Structures are given as C-alpha cells and as structure tokens.
Amino acid sequence: WNCNVVRAAMGISPEDNSGYLGKPELEMQKMITVIEAAIDLGIYVVVDWHSHTAQNETNQSKAFFAEIAQKYGKYPNIIYETYNEPVTDWSTIKTYHNAVVVEIRKYDTKNVIILGTPFYSQNIDEATNSPVSGSNLCYALHYYAASHDFWGSVGTVSNKGYYVFVSEFGTCTSSGN
C-alpha cells in the first residue's frame, strides 16, 4: 500500500474494563506486536492512548508510555499520541499532558509527541494560547472535510511557531457518513 505510518490505538475502555484498564498485559502485547512490525517494516507508528477521559487514567497512561519509551524510544519510528480527542477543558488536558510528557522524556528525549487538544482534538488555537513546554511536541488536529472548516487556525498556530499533526482525518463527515 506504500504507507509510511500506521496508527496503533490502545483501547482503554473505562466503561467496562475490556481494554487496557482491565487487561493491561494482553493489550500491551497487541501494541508491542504492531510496534515491532512497524519497526521491522521501517515505517512510523503512532502509539495512541485512545481515550476521551485520559485525565482520569493519568497513572495508567504514564506507566504505559514509560514502558513504550523504555523499550522503543531509541527507534525513530515511534510517535506518541498521549490523549485522543479530549472532551474536557484545556487546563485539565494540559495538566495531564505535562505529567505524561515528563514520563516519556525520562526515557526518550527526541521522538515526536502529539498532544490532544480540546473538543475532540479540534481546538488547536486554544491549546497553543497556553502551550505545553518541551521539544518535539505537536498539537493534534482531527479533521473531517465534510464537517470542518478550521484550516485558518492551522495557519495561525503554525505562524506562532507550533506544529500541528493531523492524526485523524476523513473526506466524509465526522460521524463517518
């Protein structure tokens, strides 16, 4: 398919503990399988903590990313996405990001970290008005062509010197229709 990046979404499942929160060893093994395949193929892998309420899972997320960073941070293939589509305010999100970024940087000082932004990773301008400190940080934007019209904010954020990473997109509506 000539792809050069794959996104490995870690299902968290706080509602019923069927994902990482309930079965961390099993779910981590699935993630490791994808990461090692991406490294073997020489492509990037976005390691995504796929939760709308990650601020409630800070300790588990820190442990997860610490393990990934210790094992695979030496490979340039790794891209961390620490919070998928937050549905809370930027102050809460930023506090979470600060804790997780520090944990990752203990073991991996170089690889890119994508930071989820408010309102399902759409309000990048709000996030960069009070940015997270650190290097090689990008702000997540999830874009669906039939629903969204906020490309102007990408230019504004970029002109301020921040990076935007579109980690989820589609040509359809955000509902998938």
Side-chain angles (χ1 to χ4, degrees), residues 1-14 17-55 57-86 93-94 96-117 120-121 124 127 131-144 154 157-158 161-171 176:
W1 292 346
N2 295 315
C3 71
N4 61 6
V5 64
V6 62
R7 184 177 189 205
M10 173 54 79
I12 307 307
S13 303
N17 286 331
S18 64
Y20 182 83
L21 296 182
K23 302 172 185 166
E25 297 84 15
L26 174 66
E27 298 304 318
M28 181 60 87
Q29 188 54 54
K30 293 175 186 177
M31 180 62 70
I32 288 169
T33 299
V34 173
I35 291 170
E36 291 180 357
I39 291 169
D40 289 345
L41 292 169
I43 65 174
Y44 293 101
V45 56
V46 177
V47 179
D48 168 25
W49 186 262
H50 208 79
S51 173
H52 295 298
T53 57
Q55 73 277 2
E57 305 137 9
T58 303
N59 290 335
Q60 296 95 327
S61 177
K62 285 171 51 178
F64 169 79
F65 282 110
E67 184 174 342
I68 298 298
Q70 286 175 59
K71 286 183 180 179
Y72 302 107
K74 63 186 174 192
Y75 296 97
N77 310 69
I78 306 301
I79 300 171
Y80 307 92
E81 186 168 10
T82 56
Y83 195 158
N84 178 74
E85 296 190 343
I93 299 164
K94 183 179 176 182
Y96 167 84
H97 282 319
N98 283 327
V100 176
V101 166
V102 165
E103 196 64 30
I104 292 169
R105 291 297 186 227
K106 286 179 185 177
Y107 311 103
D108 181 349
T109 60
K110 297 183 292 186
N111 285 331
V112 170
I113 300 173
I114 304 168
L115 307 171
T117 58
Y120 302 96
S121 287
I124 56 175
V132 174
S133 296
S135 61
N136 289 341
L137 303 177
C138 301
Y139 292 88
L141 178 65
H142 289 183
Y143 177 79
Y144 287 84
V154 172
V157 167
S158 295
Y162 300 106
Y163 299 98
V164 176
F165 193 113
V166 178
S167 59
E168 186 173 308
F169 72 94
T171 57

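This structure is a prediction, so every number in the text was calculated from the model and none was measured. No hydrogens, no waters, no symmetry mates; every other heavy atom, side chains included, goes into these values.
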Counting N and O atoms only, with roles assigned by atom type, does the side chain of Tyr143 sit under 3.5 Å from a partner on the main chain of Gly170, one being a donor and the other an acceptor? no

Any side-chain heavy atom of Asn84 within less than 4.5 Å of one from Ile12? no

Does some side-chain heavy atom of Val101 sit less than 4.5 Å from a side-chain heavy atom of Leu115? yes

Just how far is it from atom OG1 of Thr58 to atom CG of Asn98, taken to the nearest 0.5 Å? 11.0 Å

Look at the rings of Phe64 and Tyr20 and say which category their plane angle falls in: under 30° parallel, 30 to 60° tilted, over 60° perpendicular. perpendicular

For Glu103, give me all partners under salt bridge (Lys or Arg N to Asp or Glu O under 4.0 Å), at least two apart in sequence or on another chain. Lys106

In chain order, what residues pass the salt bridge (Lys or Arg N to Asp or Glu O under 4.0 Å) check against Lys110, with sequence neighbours excluded? none

Over all heavy atoms of both residues, which pair between Cys138 and Phe165 is shortest? Give the atoms and the distance, please. CB-CB, 3.9 Å

Ignoring hydrogens and geometry, is there a side-chain-to-backbone donor-acceptor pair from Arg7 to Glu168 under 3.5 Å? no

When rounded to the nearest 0.5 angstrom, what distance separates CD in Glu36 from OH in Tyr75? 8.0 Å

Would you say that Val100 contacts Trp49 through its side chain, given a criterion of any heavy-atom pair below 4.5 Å between the two side chains? no

Quick check: do Tyr139 and Val132 have side-chain heavy atoms less than 4.5 Å from each other? yes

Hey, does Ile35 have a side-chain heavy atom less than 4.5 Å from the side chain of Lys71? no

Examine distances only and state if a side-chain atom of His52 and a backbone atom of Glu85 form a donor-acceptor pair shorter than 3.5 Å. yes

Can you tell me how far CD1 of Ile113 sits from CD1 of Ile79, rounded to the nearest 0.5 angstrom? 11.5 Å

Hey, is the main chain of Gly73 close enough, under 3.5 Å, to the side chain of Asn111 for a donor-acceptor pair? yes

Please name all residues satisfying side chain to side chain donor-acceptor pair (under 3.5 Å) with Ser61, sequence neighbours left out, ordered by chain then number. Tyr96

Who pairs with Thr117 by side chain to side chain donor-acceptor pair (under 3.5 Å), at least two apart in sequence or on another chain? none

Less than 4.5 Å apart, any side-chain heavy atom of Val34 and any of Met10? no

Between CD of Gln60 and CG of Leu21, what distance do you get to the nearest 0.5 Å? 5.5 Å

Residue list, side chain to side chain donor-acceptor pair (under 3.5 Å) with Lys74, at least two apart or on another chain: none

Looking at every heavy atom in both Ala66 and Tyr107, which two are closest together, and how far apart are they? CB-CE1, 3.7 Å

Going by atom type alone, with no hydrogens or angles, which donor-acceptor pairs under 3.5 Å involve a side-chain atom of residues 38-46 and a protein atom two or more places apart or on another chain?
none

